[in-house]
Amino acid sequence: MAMNLNIASISLLLLLASTAKVAESGIFDIQKYGAKPNGDITQALTRAWKEACAAGGTSKIVIPKTTYNLGNPASLQGPCKGPIEIRLDGTLKAPANPRQLKGDGWITIGRVDGFTLSGSGTLDGQGATSWKQNDCGINSKCKLLATNLRLDFVTNGLIQGITSKDPKSFHINVLGCKKLKFQHVTITAPGTSINTDGIHIGRSSGITISDTNIGTGDDCISLGDGSQDVTIERVRCGPGHGISIGSLGKYYNEQPVSQIKVLDCTFSNTMNGVRIKTWPANPSPGTANDITFKGITMNNVANPVIIDQGYCPYGQCKSQIPSKIKISNLNIEDIKGTSATPEALKIICSKGVPCQNVKVSNINLSYKGALGKAKTVCENVRPTVTGTQNPPVCPSH
Ligand SMILES: *[C@@H]1O[C@H](CO)[C@@H](O)[C@H](O)[C@H]1NC(C)=O
């Protein structure tokens, strides 16, 4: 009997605890704010956000499993009184005509501490029309179109389960964020779509991206200046341009990039696998250090591993002036699979600031095409090489 009593009192405690939790968290279902299937929810969503943000406790905005239009940019700004979750199970559609969506963000979350976006829903940017119109692939001064999801100065965030589809430009842009996790996210657009980077991170720290599938027309993940303590693991990339640090050194006074790990990722039919690119002739010096690429599988990747310090597309720079971005403490480890070109591994460092403390271990990359055997290309670097070397790594050093 004593045992039964114990169980009863424990259940009572649990019941009390869960009631308390329900009482302190508010539910903000957008249907209560006038959202109708296939209708425009710009007002419903912004009103739900305003009230949730002001409510305090944990607030949850619910977007049920149906299709809605979000015909205008939604700028959902904090600071809020408590943590906020958007539970997205429905599909949100952007207007197909890019002129109907002003500005560079479709959905923007700004200055929130404690933000969750979760669910099985989709952000559909309907970008196909804009890819035909924009020339951002070849024109650096092109007009920026709306990114599906912008996270600006968000701290302690979680993005889980959702899908981003066919954005007009980037899928997700992360700026000035701290402690943000992406888990089980799906990012999808055709390989031929223009400027559709998957997740771009800049000036942010404590970011992890794990168990995420990315197929898109540009970089699967790109890390701009000021990216620090970023871990990318178990990400599948393809089609796309790979996972890229940079480009770095185009602008004055860029912030250092450091503590970047790309672990246990798979690249299939991508232009690049793991990459670091820096411009030559930089307006000011910079650094990229403590970078690990480990446990990577390449399936038919054009440039499986590429460090390129002479990145200068469309002749936009004085390529004879060496890069001033110093790369150091770089580990390239356990890289296997197939290369689509003979150049399986390229480490082209700057003549001005050669790469320092580069370790390369266990490389097993094969090339089966008609252009000869797999090889490595190295400049201005003297790596420490251990383990398997297929092909031989920087043999002339
Ligand atoms: C390199 O990869 C090939 C083909 O995937 C495999 O047969 C071979 O055992 C690997 N070599 C080493 C040393 O891991």
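In each ligand, atom 1 is the first atom listed, and ligand 1 is the first ligand listed. Just so you know, these numbers come straight off a predicted model, no measurement behind them.
- Sulfur atoms SG of C265 and C237 are positioned 2.5 Å or more apart.
- Using modelled atom types and a 3.5 Å distance limit, the side chains of T388 and N364 yield no donor-acceptor pair.
- W106 pairs by the ring pair (Phe, Tyr, Trp, His ring centres under 6.0 Å) definition with nothing, not counting sequence neighbours.
- Around ligand 1 you find N364, T388, each with a heavy-atom distance below 4.0 Å.
- A salt bridge is absent between D308 and K277; no separation between the charged side-chain nitrogens and carboxylate oxygens falls under 4.0 Å.
- Under the 30°/60° scheme for interplanar angles, the aromatic rings of H200 and F170 are found to be tilted.
- Put simply, the side chain of H171 does not reach to within 4.5 Å of the side chain of I199, judged on heavy atoms.
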